[in-house]
Amino acid sequence: MTSATAPASPGDVGTQANGTTSGTGSQPSRASRRGASGGRASGGRASGGRQAAPRRKKPPTAAGQLLQSTWLIVVVLVLWWVLSARSTNFFIPSLQQILEALGTDLTNGVIAGGALYSLSNLFVGLAIAVVLGVGLGLVLGEVGWLRRVVDPVIHFFRCIPQAALVPLIIGTFGIGQGPKMGTIAFACFWPILLNTIDGVLGVEPTVRHFSKVYRVPKPLYFRRVVLPAALPQIVAGVRVALPIGITVMVVSEMFASTEGLGFYILNSSATFQVPQTWAGALLVGVVGYLLSVLFVFAERRLLRWYYASGAK
Amino acid sequence: MTIQDSPAAATTHVMQVRGMSMSYGTGAAFNPILQDLDLDVVAGEFVSIVGPSGVGKTTLLRCLSGLLTPQAGTITVSGDEVHGPHPDLAVVFQDYSRSLMPWMTTRENVAFPLQGKGLGKAERNALADENLAAVGLAGQGDKYPWEMSGGMQQRVAIARALAYQAKVLLMDEPFASVDAQTRFDLEDLVLKLQHELGVTILLVTHDIDEALYLADKVVVIAEKPATVVDVIETGFGEDRDQLATKADPRFAEARARIMHRLKKD
Amino acid sequence: MNPTLSRPAWLLLARLGAVALILALWQTVVSAGLLPSMVPGIADVASAIVTSLSNPLFWGALGRTLLAALAGWMIATVVGVVLGLLIGSIRFLDRSTSILIDFGRSFPVLALMPVVIMLLGSTTTMEIVVVALSALWPVLVQTIYGARRQEAAVADTVAVFRIPAGLRFRRVLLPGAMPFIATGVRISSAISILVAVGVEVISQAPGIGRQITLMQQNQQWDVAFAYLFFTGLVGWGIAVGLQKIEDKLLTWKRQMND
């Protein structure tokens with residue numbers, strides 16, 4: 001098996017993929033990753049290093065903590081409300097108008113239909129990317145020579161700005177839902193693939209040797225050993241892919257569509273419904289935020305063993 | 001509790017501590033660490049503070065260096081009451097590998113606090129090289145700390161404290177994480193530097209032999225919360241030797257006295 | 001398991017073979033008519049690539065995109081690093097801003113583009129603003145991470161030697177956080193190009209993304225694919241270059257980890 005023992009060259013898939021794990025803040029490239037073992041420092045959780053001791057003060061109460069983490073948001077919203085209320089610029093509506101537009105279109109179903117359309121594109125595209133990315137990543141992670149051969153190809157495709165694909169894919173296959181899902185899937189595929197490979201490379205050599213010695217059958221080995229061990233890294237890859245997917249979702253709908261949240265925003269701006277344009281943009285932001293919060297929750301549940309085992 | 005000096009002598013004291021108390025937490029979690037602690041350090045003196053592990057030595061040193069503010073009592077350095085790090089104090093930390101900045105060369109590490117003092121570049125570098133030479137690292141200024149052994153890194157940390165030109169050097173278990181031979185070398189280096197430069201040194205350690213070998217005065221702290229239980233003048237003079245001094249009957253006697261002090265609950 | 005692959009020459013040959021295989025596959029699929037007829041064959045794309053090389057229009061478009069991406073990226077880097085060091089080193093700010101930053105970084109900024117177009121028009125300035133707003137977050141978040149992780153011993157050292165705030169910021173906080181900042185800067189370089197091209201695809205802002213859309217609408221598919229190829233090449237070049245620079249700048253970090 002070359003994957004565990006071959007020292008990864010700087011251009012190798014495994015090492016470079018580190019950058020992709022870092023969307024939500026992770027350790028710098030290669031820290032604790034060098035050396036043959038690779039360890040389980042993957043998943044973007046930094047290791048080592050004593051952190052600055054918090055100043056020894058009275059621990060703040062729960063109410064105090066809540067206040068501390070929310071006061072700035074309240075200030076921002078109030079400032080926005082007050083300042084925009086006096087705006088004379090046609091293109092900067094008051095926050096009140098924006099919220100009213102949002103309320104109207106939320107209740108009459110205009111937005112709900114668009115959101116359903118957009119989100120179904122996103123989820124199907126992401127699901128395809130996960131299945132293909134993880135499947136191929138497991139294979140490439142295990143088969144060292146194949147990984148080394150296709151390494152430049154993978155990096156080239158990963159570096160194509162995903163938005164540039166939108167006109168070509170939609171131009172070729174039409175403006176239906178399928179091509180949009182395909183574009184999202186293509187864009188999300190690469191970070192998931194690279195992180196999966198990275199995760200497989202990080203599997204403890206001891207675990208690998210154990211499986212060999214006990215002659216664990218290949219399918220069982222993939223399903224019960226490699227997949228769970230690489231899971232933290234795979235999840236990190238999906239976390240990176242999610243915002244890319246949302247961005248491509250919006251671009252694809254703004255490029256050519258008659259439905260969806262991106263279309264709602266573009267259509268509103270084209271017809272000079274300024275508050276609606278702002279409302280749509282804000283709504284996409286809120287949806288993006290909610291999805292990432294939900295994702296973190298799901299991750300905490302899915303990777304409970306990982307956090308509990310102190311591997312972070 | 002054990003002050004022999006008369007108040008009149010206070011002017012020669014470079015550092016004085018009176019009635020210092022420190023605790024963490026409140027209510028059920030209340031945890032007193034230091035209780036009513038007094039300490040006097042005369043200019044040019046080498047004082048060791050010795051106590052068992054976990055007695056609160058690091059808390060004491062953090063209070064003395066101004067990193068922590070005690071809840072009661074006063075600390076004066078050069079006649080000023082201390083409310084934060086004092087310019088006449090420098091600290092050599094136990095954790096040398098972390099207290100040196102890995103992105104700076106050893107010369108830059110030594111010169112860095114001088115930049116904070118507002119010295120010009122040429123002057124900073126000259127002082128850095130001079131002090132690196134004093135700790136036996138002449139010509140090694142362009143190396144990075146991580147290119148050096150642990151003992152050499154601790155020499156850099158000592159050079160940094162010396163270059164700062166403080167009157168008092170606080171050392172927190174400075175030789176705890178090096179091997180025995182390096183430790184002896186560093187101890188002798190510190191003794192030599194102290195005699196040459198006349199700097200005052202306050203060293204915190206859990207090692208009784210080290211405390212006795214280096215110091216003019218050993219302050220024993222023990223109990224919970226910690227307080228001063230004994231003060232011993234060693235009287236070994238300037239010429240010390242790792243073998244001869246430690247074989248001195250006075251050494252064994254003082255050692256026994258300290259161990260006795262630390263044992264009785 | 002293939003021992004010969006450890007030899008560089010064989011590896012290169014195998015890699016070229018893989019590329020050839022993919023191209024052959026594409027050609028077969030196109031020739032067999034499995035894809036819609038507008039998808040060009042290999043030869044057409046290759047000749048379009050060669051023609052583009054001597055086309056000043058192409059170089060101008062690519063240059064505009066890169067300049068916009070670079071400007072937005074640099075603004076994002078400076079703002080992100082300064083804000084990040086401040087927020088990460090002051091606990092009160094850190095706590096107060098955490099929800100806002102979480103919101104900001106999960107916000108698909110391209111959705112805001114129509115709003116920014118209303119305010120600034122379909123101009124390069126608009127493009128730079130959208131790029132900067134998108135690329136800011138990885139730098140900001142990574143810098144906050146780096147600044148938070150100051151070693152206790154370093155913090156004590158800085159306090160004991162009474163290092164003034166400005167010097168501390170420049171010589172301790174910044175280099176200490178540098179490995180994290182580098183990661184953030186690398187991520188946002190990719191985002192900058194992605195967003196710059198994205199803005200051009202869906203607005204009238206000039207650049208290579210706009211050219212791809214125009215070529216596709218003009219049915220010049222071979223040229224559109226050639227341009228796509230160049231965007232990938234540029235993105236790849238930047239990624240490799242930044243990795244090289246990072247390796248050089250952060251020698252101390254790598255040594256420490258060995």
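Lettering of chains follows the sequences in order, A, B, ..., and the numbering in each one begins at 1.
- The two residues A:N195 and A:A236 make their nearest non-hydrogen contact at OD1-CB, 4.4 Å.
- Within the 4.5 Å cutoff, side-chain heavy atoms of C:I101 are placed close to those of C:I87.
- For A:V287, no part lies under 4.5 angstrom from a heavy atom of chain C.
- Heavy-atom distances place both the backbone and the side chain of C:T97 under 4.5 Å from chain A.
- Between C:R210 and C:A205, the shortest heavy-atom contact is CB-O, 3.3 Å.
- Ranked by non-hydrogen atom pairs under 4.5 Å with chain A, the options C:D94, C:I181, C:L112, C:I99 are led by C:I99.
- Residue with the most contacts toward chain C among A:W71, A:F255, A:F156: A:F156 (heavy-atom pairs, distance under 4.5 Å).
- For the set C:S134, C:S188, C:S96, the entry with the most heavy-atom pairs within less than 4.5 Å of chain A is C:S96.
- Contact annotation for A:V274: both backbone and side-chain heavy atoms come within less than 4.5 Å of a heavy atom of chain C.
- When the shell of 6.0 Å around CH2 of C:W236 is examined, it contains 12 or fewer heavy atoms from other residues, nucleotides or ligands.
- Neither the backbone nor the side chain of A:L291 comes within contact range of chain C; no heavy atoms are under 4.5 Å apart.
- Contacts between C:W137 and chain A at a heavy-atom distance below 4.5 Å are absent for every atom of the residue.
- Using a 4.5 Å cut-off between heavy atoms, C:I22 contacts chain A through its side chain alone, with no backbone atom that close.
- Residue contact with chain C, scored on non-hydrogen atoms closer than 4.5 Å, involves the side chain of A:S292 exclusively.
- The main-chain N or O of A:F263 is never found under 3.5 Å from a side-chain atom of A:N267 such that the two would form a donor-acceptor pair.
- In this structure, A:K180 contributes its side chain and A:I175 its backbone to a donor-acceptor pair below 3.5 Å.
- Checking side-chain atoms of C:R105 against main-chain N and O of C:L136 turns up no donor-acceptor pair under 3.5 Å.
- Counting heavy-atom pairs closer than 4.5 Å to chain A, the top residue among C:G184, C:G146, C:A18, C:P114 is C:P114.
- If you measure heavy-atom distances from C:A224 to chain A, the contacts under 4.5 Å come from both the backbone and the side chain.
- With a 4.5 Å cut-off on non-hydrogen atoms, A:V153 touches chain C through its side chain but not through its backbone.
- Using a 4.5 Å cut-off between heavy atoms, C:Y227 makes no contact with chain A at all.
- Here A:I265 is the residue among A:I265, A:T70, A:V293 with the most heavy-atom pairs under 4.5 Å with chain C.
- For chain A, the nearby parts of C:F229 are the backbone and the side chain; heavy atoms of each come within less than 4.5 Å.
- Scanning both residues, A:L261 and A:S118, for their nearest heavy atoms gives N-OG, 2.8 Å.
- Side-chain contact between C:M113 and C:I202: present, with at least one pair of heavy atoms (C-beta onward) separated by less than 4.5 Å.
- Within the 4.5 angstrom heavy-atom criterion, atoms from both the backbone and the side chain of C:V201 approach chain A.
- If you look at C:F107 and C:F103, their ring centroids are closer than 6.0 Å.
- Side-chain atoms of C:Q216 never come within 3.5 Å of backbone atoms of A:L168 as a donor-acceptor pair (strictly under, hydrogens ignored).
- For A:F173, the part lying under 4.5 angstrom from a heavy atom of chain C is the side chain only.
- Interface remark: A:W278 contributes backbone and side-chain atoms alike to the contact with chain C (heavy atom separation under 4.5 Å).
- Counting heavy-atom pairs closer than 4.5 Å to chain A, the top-ranked of the candidates C:F225, C:F230, C:W221 is C:W221.
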